[in-house]
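Step one of this worksheet: look at the structure below.
No hydrogens, no waters, no symmetry mates; every other heavy atom, side chains included, goes into these values.
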Amino acid sequence: MDYQNTANAVGDCLLSYTKDESGWKVCKKSNDVIVSWRPSTEFPGNVYKGESVVKGSPEKVWECLKPVPNGLRVKWDNNVKKFELVEQVTENVTVCRTVTPSAAMGIIAPRDFVDVILVKQYEDGTITSNATHVNHPSCPPQSGYVRGFNHPCGCICVPISGEPNKTQLFSFFQTDLGGFLPRSVVDSFFPSSMVEFYSNLAKAIKSLKDH
């Protein structure tokens, strides 16, 4: 499988989501976080966009978000229980397995996801992680976990001109959770968990500053 080309396509896709304003409907607002959705063109579900200005430089925000084993994200993100490197494809492209805990009061069972992830930095200082599901021979479905599938998703940390200690953070979730979940459960889970994602991230960045 050509992981590099798949990863590059996801990078282009996420960038296009930030630029294309059409069709997004706001489904949740909390503090400074806005979560919107629109029908996905990748699978019969929705793509969710979170956006907020986060207190912290892009470097600090990225330190909390970067997709690496033993990174900070498993410590603060309630939806990431385990993060494993499956293959280092190139310096900036990896295949990883993410394990998520049960959620929605046990209605959503533990899941695992296998994704190719591209880390990309742009000339204006924007730092991004871009992921989508792939098959990998060393990572077949495992008992105890429902295999879910991420369609193009990730985070985009954009510097704010004149505000070095703030970052505009876009997050995109576009996930087929697999299994046989009622659509209503999925549709209520993502907006709430995305607001929680921003709230927990803000606390993680603050604790970084305090050290």
Side-chain angles (χ1 to χ4, degrees), residues 14 17-18 20-40 42-43 45-58 60-67 71-83 98-111 113 115 126-131 148-160 163 165-177 181-210:
L14 288 200
Y17 288 164
T18 64
D20 180 6
E21 295 293 329
S22 62
W24 296 101
K25 297 185 179 75
V26 173
C27 55
K28 201 166 185 71
K29 278 187 180 182
S30 179
N31 296 327
D32 301 324
V33 181
I34 300 171
V35 180
S36 315
W37 69 277
R38 70 183 187 192
S40 170
E42 305 285 335
F43 80 117
N46 298 327
V47 52
Y48 292 92
K49 173 174 71 171
E51 51 188 311
S52 183
V53 172
V54 179
K55 288 177 183 170
S57 65
K60 283 224 167 81
V61 176
W62 179 249
E63 186 63 30
C64 293
L65 290 172
K66 63 183 177 185
L72 293 177
R73 185 148 177 188
V74 292
K75 295 182 174 72
W76 64 263
D77 189 338
N78 293 344
N79 288 315
V80 180
K81 190 172 184 182
K82 196 190 290 183
F83 189 80
T98 306
V99 175
T100 62
S102 65
M105 292 163 46
I107 298 170
I108 301 175
R111 274 156 169 74
F113 302 84
D115 300 297
T126 295
I127 315 169
T128 67
S129 67
N130 312 268
F149 302 95
N150 284 320
H151 296 274
C153 60
C155 295
I156 300 179
C157 305
V158 185
I160 298 174
E163 297 267 16
N165 294 315
K166 288 185 180 175
T167 302
Q168 184 176 27
L169 176 62
F170 294 96
S171 61
F172 294 96
F173 290 85
Q174 189 168 200
T175 303
D176 178 355
L177 287 170
L181 290 169
R183 184 65 183 270
S184 59
V185 171
V186 176
D187 289 347
S188 65
F189 170 71
F190 277 106
S192 299
S193 75
M194 288 172 73
V195 168
E196 185 185 35
F197 165 89
Y198 277 92
S199 168
N200 289 341
L201 172 62
K203 290 175 196 159
I205 296 164
K206 193 167 185 300
S207 71
L208 262 189
K209 287 179 180 170
D210 294 342

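- Taking the ring-ring contact (aromatic ring centres under 6.0 Å, His included) definition, one finds that Phe189 meets it with nothing, sequence neighbours left out.
- The structure places OG of Ser199 at 7.5 Å from CG of Asn31, a figure rounded to the nearest 0.5 Å.
- In this structure, the side chain of Asp20 engages the main chain of Ser22 through a donor-acceptor pair within 3.5 Å.
- Remark: Phe173 CZ to Phe197 CZ distance equals 5.0 Å, nearest 0.5 Å.
- Contact annotation: the side chain of Cys155 never approaches that of Trp62 to less than 4.5 Å [non-hydrogen atoms, C-beta and beyond].
- To the nearest 0.5 Å, the span separating CD1 on Ile160 from CG on Asn165 amounts to 10.5 Å.
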- request: Under the side chain to side chain contact (heavy atoms under 4.5 Å, CB included) rule, what do Glu51 and Ile156 come out as? Steps first, then yes or no, please.
  value: CA-CA 10 Å; Glu51 51 188 311; Ile156 300 179; over 6 Å; no
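- Put simply, the side chain of Arg111 gets close to the backbone of Ala109: a donor and an acceptor are under 3.5 Å apart.
- Distance check, rounded to the nearest 0.5 Å: NZ of Lys49 to SG of Cys27 gives 11.0 Å.
- Rounding to the nearest 0.5 Å gives a distance of 9.0 Å between OG of Ser171 and CG of Leu65.
- The NZ atom of Lys75 sits 14.5 Å away from atom CG of Asn200, with the distance rounded to the nearest 0.5 Å.
- Heavy atoms only, all atoms of each residue included: Pro39 and Val47 are closest at O-CG1, 4.3 Å.
- Under the 4.5 Å side-chain criterion, counting only non-hydrogen atoms from C-beta, Leu169 is in contact with Tyr198.
- Residues Pro110 and Lys81 are not in side-chain contact: their nearest non-hydrogen atoms beyond the backbone lie 4.5 Å or more apart.
- Two residues are said to be in side-chain contact when any heavy atoms from C-beta on lie closer than 4.5 Å; Val158 and Phe170 meet this criterion.
- Judged by distance alone, the side chain of Ser40 and the main-chain N or O of Glu42 form a donor-acceptor pair under 3.5 Å.
- Under a 3.5 Å cut-off, the side chain of Ser57 and the backbone N or O of Lys60 do form a donor-acceptor pair.
- Formation of a donor-acceptor pair under 3.5 Å by the Tyr48 side chain with backbone atoms of Met194 is not found in this model.
- Between Val185 and Ile108, some side-chain heavy-atom pair lies under the 4.5 Å cut-off.
- Annotation for Cys153 and Asn150: closest pair SG-CB, 3.8 Å, computed over non-hydrogen atoms.
- Heavy-atom minimum distance, Ser129 versus Leu14: O-CD1, 3.8 Å.
- By the side chain to side chain donor-acceptor pair (under 3.5 Å) test, Asp77 is found to be paired with Arg73, residues two or more places apart in sequence or in another chain being considered.
- The shortest distance between side-chain heavy atoms of Asn46 and Arg183 falls below 4.5 Å.
- Between Pro67 and Phe83 the shortest side-chain heavy-atom distance falls below 4.5 Å.
- Between the side chain of Thr167 and the backbone N or O of Gly56, at least one donor-acceptor pair lies under 3.5 Å.
- Judged as a ring-ring contact (aromatic ring centres under 6.0 Å, His included), and not counting sequence neighbours, the contacts of Tyr17 are Phe172.
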message: Go through it in stages, so that I can follow the logic: the residues are Ser192 and Lys28, the test is side chain to side chain contact (heavy atoms under 4.5 Å, CB included), and I'd like the CA-CA distance, side-chain angles, deciding distance and then a yes or no.
response: CA-CA 8 Å; Ser192 299; Lys28 201 166 185 71; 3.9 Å; yes
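- Counted within 6.0 Å of CG on Asp32, heavy atoms from surrounding residues, nucleotides or ligands total 12 or fewer; the atom is thus considered open.
- A donor-acceptor pair under 3.5 Å links the side-chain atoms of Trp76 to the main chain of Cys64, judged by distance alone.
- Side-chain contact between Phe113 and Leu177: present, with at least one pair of heavy atoms (C-beta onward) separated by less than 4.5 Å.
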